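Single-structure report; data block below.
On a predicted model such as this, the values are computed, not experimentally measured, just so you know.
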Amino acid sequence: MASSLNTTNIFTSPSFRNNTKTNVHSSIQVPSIPFSPNKSSTTYQTPCNNNNNNSPPIPKWNILQKAAAMALDAVESAIISRELQLPLPKTTDPEIQIAGNFAPVPEQPVKQNLSVSGKIPECINGVYVRNGANPHFEPKAGHHLFDGDGMVHAVQFKNGSASYACRFTETERLVQERSLGRPAFPKAIGELHGHSGIARLALFYARGMFGLLDHKHGMGVANAGLVYFNDRLLAMSEDDLPYHVRVGPSGDLETIGRYNFDGQLDSTMIAHPKIDPETSELFALSYNVIQKPYLKYFRFSSDGSKSEDVDIQLSDPTMMHDFAITENFVVIPDQQVVFKMSEMIQGGSPVVYDKNKVSRFGVLDKYASDASGIRWVDVPDCFCFHLWNAWEEKETDEVVVIGSCMTPADSIFNECDEGLQSVLSEIRLNLKTGKSIRKPILSCYDQVNLEAGMVNKNMLGRKTQFAYLAIAEPWPKVSGFAKVDLSSGQVNKFFYGDEKFGGEPLFFPNPDSKNEDDGYILAFVHDEKNWESELQIVNAATLELEASIKLPSRVPYGFHGTFISAKDLETQA
């Protein structure tokens, strides 16, 4: 249902939907054919909050607040006008960042009995959910792909049939911006750089002082990770608390609210917490870019009880997008992408590649009460945005880490001429000698960018033979996925089809089998020629397509997902 507010939303306009067929091949770094909606003929509408049938309330401000709002809006307009006098970098240009199938879509209520080619495997019962960035309002200035509002796409499987729905995660940020009818919160990557970024932060907090905004309940977009833990589906981005999203009996989605684990969590949580498959405990990190401690580690028991925070001393606030667990340890990367707010004063981005810093990995007992026992091992010139698995090899006193090493390390945040490479690597951390060995897993002949994916979740933290990873080519689009034998380096590839691109492959393990690769790969795929989307189900052992589910609307390229079994859905909180 649409709101009556007249806003600058770019989703539901017919001209927007038609123009998105422009043959745009990229976002982020590669050259592209720019795409922009036809503003002169666009009528903008705002999708309403899916939790009720009422339009968002219009703020009731007093005379002082109205005057302050007008003044602050005028200052913001001047900032934007000045910023747009120069070309935006590719990493913050919305005509590149949200072009083609990276462009946003409106919410979709549940559509049942979708058309299926092939046969859905009988063991797949439950719901596949995948997160992604989906900006609710048209960007006025800089915008990075990671800045968009969180939207969860869900395909539910029941007795061989499938349904589809997608909904925004109703973050505090989105609810407030919808009530205002315009974007009002600063975008962490696309806008917070240089002097204009400092000015935007000042404007944001000024609006808070006058009661025009409330920034005390989080600024996050909840667009990156999804985890099902303690009977709750949690949507996450590392700049906020998680959000509890409930899957209804029909397969629709409802945001319950910002979730602090019954008052136990008072800090942000990264988007890639880990669940130990044997103990069902959840392990997580929280990083701070402003004040010490810059990094904290904590865990939750299977019933949701939180441990005390373990403060980990770092010299600089460091990006901690992911980490790893083993049977007995947590493995924490302290790498070369750091936050230096002072760079904004000098006109730059606060996300900085520090070439003088030596990357290292910390190995800490999972149940440590403090960080005194952490062992740091240097791994020079290594930046892994994601770590796929880790395990212990006790006979050699080594912890083996599997990750994709990216170069240049900051290329997804800052514009550069060098092409991005993402090399699947084995990193051996010797706890006795304090030395490391890093080597590519694929041969030079098989080398391909591998980013986004997973191992069999039932073996997380234990030695695994296989990893299923997105073939991120042509970067940043995904043409298929690779099944990699981590011990031999053998790689087998599955491609989604001619002019078809997708995202992260999700491995669904067959509940009735003990073989590691007995299961299925689920992936959203978009046909850029016919402008249609589908969900492909591929046999993980044979790499043969088992089924394709035609989706009723376009699914943009997104981030990470998970699968919730029908049994778990019955016990949702």
Hey, could you give me the [atom1]/[atom2] distance between [X] and [Y], rounded to the nearest 0.5 Å?
{"X": "D149", "Y": "R178", "atom1": "CG", "atom2": "CZ", "answer": "8.5 Å"}
{"X": "N456", "Y": "T464", "atom1": "CG", "atom2": "OG1", "answer": "8.5 Å"}
{"X": "D231", "Y": "F229", "atom1": "CG", "atom2": "CZ", "answer": "9.5 Å"}
{"X": "L522", "Y": "T562", "atom1": "CG", "atom2": "OG1", "answer": "11.0 Å"}
{"X": "C384", "Y": "I402", "atom1": "SG", "atom2": "CD1", "answer": "10.0 Å"}
{"X": "N230", "Y": "E281", "atom1": "CG", "atom2": "CD", "answer": "12.5 Å"}

I'd like to know if the side chain of [X] reaches the main chain of [Y], judged simply by a donor and an acceptor atom lying under 3.5 Å from each other, with no hydrogens or angles considered.
{"X": "S422", "Y": "L450", "value": "yes"}
{"X": "N134", "Y": "V105", "value": "yes"}
{"X": "E172", "Y": "M219", "value": "no"}
{"X": "N223", "Y": "G148", "value": "yes"}
{"X": "E504", "Y": "G561", "value": "yes"}
{"X": "E107", "Y": "F168", "value": "yes"}
{"X": "R232", "Y": "Y259", "value": "no"}
{"X": "N530", "Y": "E532", "value": "no"}
{"X": "T255", "Y": "E170", "value": "yes"}
{"X": "Q156", "Y": "V247", "value": "no"}

Item to check | Step-by-step ring pair (Phe, Tyr, Trp, His ring centres under 6.0 Å) determination, F283 to F300 | outcome: CA-CA 6 Å; F283 301 86; F300 293 92; 9.7 Å; no
Decide whether [X] and [Y] meet the rule of one side-chain donor and one side-chain acceptor closer than 3.5 Å.
{"X": "E238", "Y": "Y287", "result": "yes"}
{"X": "H143", "Y": "Q97", "result": "no"}
{"X": "T268", "Y": "S286", "result": "yes"}
{"X": "E546", "Y": "N539", "result": "yes"}
{"X": "E177", "Y": "H136", "result": "no"}
{"X": "S513", "Y": "D518", "result": "yes"}

Item to check | Heavy-atom neighbours of D303 CG exceed 12 at 6.0 Å | outcome: yes
Checklist entry - For K493, does the NZ atom have more than 12 heavy-atom neighbours from other residues, nucleotides or ligands under 6.0 Å away? => result yes
Using 4.0 Å as the upper bound for N to carboxylate O, is an ion pair formed by [Y] and [X]?
{"X": "D517", "Y": "K483", "answer": "yes"}
{"X": "R207", "Y": "D73", "answer": "yes"}
{"X": "D322", "Y": "K274", "answer": "yes"}
{"X": "D240", "Y": "R258", "answer": "yes"}

Which heavy atom in [X] sits nearest to a heavy atom in [Y], and how many Å separate them?
{"X": "G503", "Y": "A470", "answer": "O-CB, 3.9 Å"}
{"X": "T169", "Y": "A222", "answer": "CG2-CB, 4.1 Å"}
{"X": "A162", "Y": "I549", "answer": "CB-CD1, 3.9 Å"}
{"X": "R173", "Y": "P186", "answer": "NH2-O, 2.9 Å"}
{"X": "V110", "Y": "G251", "answer": "CG2-C, 3.7 Å"}
{"X": "D252", "Y": "A165", "answer": "OD1-CB, 4.0 Å"}

Next on the checklist: Assess the residue pair F146 and S237 against the criterion (side-chain contact (heavy atoms from CB on, under 4.5 Å)); give the C-alpha distance rounded to whole Å, side-chain angles, the decisive distance to 0.1 Å, and a yes or no.
Outcome noted: CA-CA 10 Å; F146 295 170; S237 57; over 6 Å; no
Item to check | Stepwise salt bridge (Lys or Arg N to Asp or Glu O under 4.0 Å) test for E76 and R182 | outcome: CA-CA 12 Å; E76 183 180 32; R182 59 184 292 276; 2.4 Å; yes
Next on the checklist: Could you go through L234 and L226, starting from their C-alpha distance and side-chain angles, then the distance that decides it, and tell me whether this counts as side-chain contact (heavy atoms from CB on, under 4.5 Å)?
Outcome noted: CA-CA 6 Å; L234 302 178; L226 290 172; over 6 Å; no
Next on the checklist: Between F563 and Y228, is the ring centroid distance below 6.0 Å?
Outcome noted: no
Checklist entry - Who passes side chain to side chain contact (heavy atoms under 4.5 Å, CB included) against V538, sequence neighbours left out? => result F481, F494, I521, L545
Measuring only between side-chain heavy atoms, which start at C-beta, is [X] closer than 4.5 Å to [Y]?
{"X": "C166", "Y": "Y164", "answer": "yes"}
{"X": "V555", "Y": "R130", "answer": "yes"}
{"X": "K187", "Y": "H144", "answer": "no"}
{"X": "Y128", "Y": "F157", "answer": "yes"}
{"X": "P556", "Y": "H153", "answer": "yes"}
{"X": "V127", "Y": "L569", "answer": "yes"}
{"X": "V337", "Y": "F385", "answer": "no"}
{"X": "H215", "Y": "L213", "answer": "no"}

Item to check | R167/Q108 under side-chain contact (heavy atoms from CB on, under 4.5 Å): CA gap, chis, key distance, verdict | outcome: CA-CA 7 Å; R167 296 290 188 181; Q108 290 290 339; over 6 Å; no
Next on the checklist: If the test is side chain to side chain donor-acceptor pair (under 3.5 Å), which one of H526, E534, E528 qualifies with K500?
Outcome noted: E534
Item to check | Check against side-chain contact (heavy atoms from CB on, under 4.5 Å), V455 and Y468 | outcome: CA-CA 6 Å; V455 299; Y468 300 89; over 6 Å; no
Checklist entry - ring pair (Phe, Tyr, Trp, His ring centres under 6.0 Å) between F185 and F204: does it pass, once the steps are laid out? => result CA-CA 7 Å; F185 283 66; F204 176 69; 5.0 Å; yes
Checklist entry - Distance under 6.0 Å and angle within 45° of the ring axis: does K477 meet both against F501? => result yes
Next on the checklist: Tell me whether K306 forms a cation-pi arrangement with F261, defined as NZ or CZ under 6.0 Å from the six-membered ring centre and within 45 degrees of its axis.
Outcome noted: no
Next on the checklist: Under the side-chain contact (heavy atoms from CB on, under 4.5 Å) test against V129, which residue among L233, V155, L506, V245 passes?
Outcome noted: L233
Checklist entry - Would you call the rings of Y520 and F508 parallel, tilted or perpendicular if under 30° counts as parallel and over 60° as perpendicular? => result tilted
